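On a predicted model such as this, the values are computed, not experimentally measured, just so you know. Note that the numbering runs from 1 along the sequence shown for the chain. Order of appearance sets the numbers: ligands from 1, and atoms from 1 within every ligand.
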Amino acid sequence: MRPSRRLDRIPPYLFAELERKIAAKREAGVDVISLGIGDPDTPTPGLAIEALSAAVADPGTHRYPSNRGRAELRQAVASFYARRFGVELDPATEIVPALGAKECIFNLNLAFLDPGDAALAADPGYPVYTGGPLLAGAEPVIMPLEPERGFAPNLEAIAEGDRERAKLMYLNYPNNPTGAVVPDGLFEEAIEFARAHDVLVVHDASYTETTFDGYVAPSFLATPGAREVGIEVFSLSKGYNMTGWRTAAVVGNAEAIEVYWRLKTNIDSGMFDAVQLAAAAVLERGDEAAREMSDLYQRRRDLVCDALRAIGVDVTPPRGTIYVWAPVPEGHDSVSYCEQVLEESGVVVSPGSAYGPSGEGFFRISLTISDDRLAEAVERLRSSLGG
Ligand SMILES: Cc1ncc(COP(=O)(O)O)c(C=O)c1O
């Protein structure tokens, strides 16, 4: 059996060796604590469960859903965007639900890219920004996020040839994996670039509802001109502990939304109606739940950053996301440092290079583990790596 050449273009998984070491430790009886995965550990808000239970009891929700999405959900997204971001959206033409941001981002590549085209991908970044273009038969062109620019890419450094073949640009703030919030002026600069080079900006807003220290994350669409050149993918996964529910929406430029929808009607049959109604309830009444989650992550962030400083790691506390991104100490690369941390403390942290070449020299800690396990992990880091 031979997989497609398309699938063979995806690079091999670089951290198989680290995973093998984790498995060996566990087999040897070590109580390994993983701070590797970003998957919220606390339950989905009760209001989502209640809305889902009521909706699923109605047989009217059991048939094929419409790929356009229920009017209730599209209206709830529009009301949320108006209330939360000051962005007015037309529910009929500027909003389509997606089965998670991952599905949406992947399919945008299929919808917009042909062989010979390119997508500009924030790097380090969510792997679908580079894997998606490859599977679509096109090319990813990485835009290194520069720590000294607040993890903004330098758009002026994009080569002339890449500007011409680029049709998409992926940005994501608050950012996975760096935890950076959008640097001043970047959205404006991206809009100008998109106009000049006929590029569709795709802003991945997966973490806008998880922010700290009073910071409020904006929507890309609140920047003047954004709607003419861009769309935003808003996910309920992280902000409302709904990763398993596969709930997101793509909003913004009506022409781009129409193209995505046209592709989507050929690929899936939409989001379960009962889940759509639960997602609508969360968008209408979930602000407090999101705030409580942010407060929890803020406390965990402080715990982790204090511990990292105590072992000599020079970390900048993030103002958003569920991650802490920190430089590896001198004398190590990302993978060798993560292996040492595992070896000496039984704690798994992710090598920055897993998120793209520009992640080399960093490691990522996820805050989605229970308080007592996180406290234990932190204590182990202090005692085994402290000296
Ligand atoms: C930046 C970013 N975008 C998208 C996703 C996927 O989100 P969803 O669960 O909505 O598919 C993640 C998940 O980790 C992410 O970090």
Angle class for the Phe193/His197 ring planes (parallel below 30°, perpendicular above 60°, tilted otherwise)?
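The rings of Phe193 and His197 sit tilted, inter-plane angle from 30° to 60°.
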Polar contact flag, side-chain donor to acceptor under 3.5 angstrom, Gln298-Ser294
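The answer is no; no qualifying pair exists.
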Output the list of atoms in ligand 1 that are nearer than 4.0 Å to some heavy atom of [X], sorted by atom number.
X	result
Gly100	10 (O), 11 (O)
Asn176	1 (C), 15 (C), 16 (O)
Asn172	1 (C)
Ser235	8 (P), 10 (O)

So which bit of Tyr129 gets within less than 4.0 Å of ligand 1, heavy atoms only: side chain, backbone, both or neither?
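Side chain only.
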Just wondering, more than 12 heavy atoms not from Ile37 lying within 6.0 Å of its CD1?
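12 or below, so no.
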Is it true that atom CG of Asp302 has more than 12 heavy atoms of other residues, nucleotides or ligands lying nearer than 6.0 Å?
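Enclosed.
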Hey, does [X] sit under 4.0 Å from ligand 1 if you only count heavy atoms?
X	value
Glu103	no
Asp204	yes
Tyr355	no

Around [atom], find the nearest protein heavy atom and jot down its residue, atom name and distance.
atom	result
atom 6 (C) of ligand 1	Tyr126 OH, 3.3 Å
atom 11 (O) of ligand 1	Arg246 NH2, 2.7 Å
atom 7 (O) of ligand 1	Ala101 CB, 3.7 Å
atom 9 (O) of ligand 1	Ser237 OG, 2.6 Å
atom 4 (C) of ligand 1	Ser206 OG, 3.3 Å

Could you tell me the separation between the CD1 atom of Ile365 and the CG atom of Leu381, rounded to the nearest 0.5 Å?
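One finds 6.0 Å between CD1 of Ile365 and CG of Leu381.
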Would you kindly confirm whether Val128 and Met169 end up in one hydrophobic cluster when ILVMFWY residues are joined by side chain heavy atoms under 4.5 Å apart?
no
If you take the centroid of each ring, where Trp contributes its six-membered ring, are Phe80 and Phe234 closer together than 6.0 Å?
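They qualify: ring centres under 6.0 Å apart.
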Could you tell me whether some N/O pair between Lys238 and ligand 1 is separated by less than 3.5 angstrom?
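Yes, since at least one N or O of Lys238 sits under 3.5 Å from an N or O of ligand 1.
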Taking Tyr129 as the fixed residue, which of Asp204, Asp123, Asn109 is the one that meets the side chain to side chain donor-acceptor pair (under 3.5 Å) rule?
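That would be Asp204; it is the only one of Asp204, Asp123, Asn109 passing the side chain to side chain donor-acceptor pair (under 3.5 Å) with Tyr129.
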Pairing of Arg9 and Glu139 as salt bridge, 4.0 angstrom limit
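Judged by the 4.0 Å cut-off on N to carboxylate O distance, Arg9 and Glu139 do form a salt bridge.
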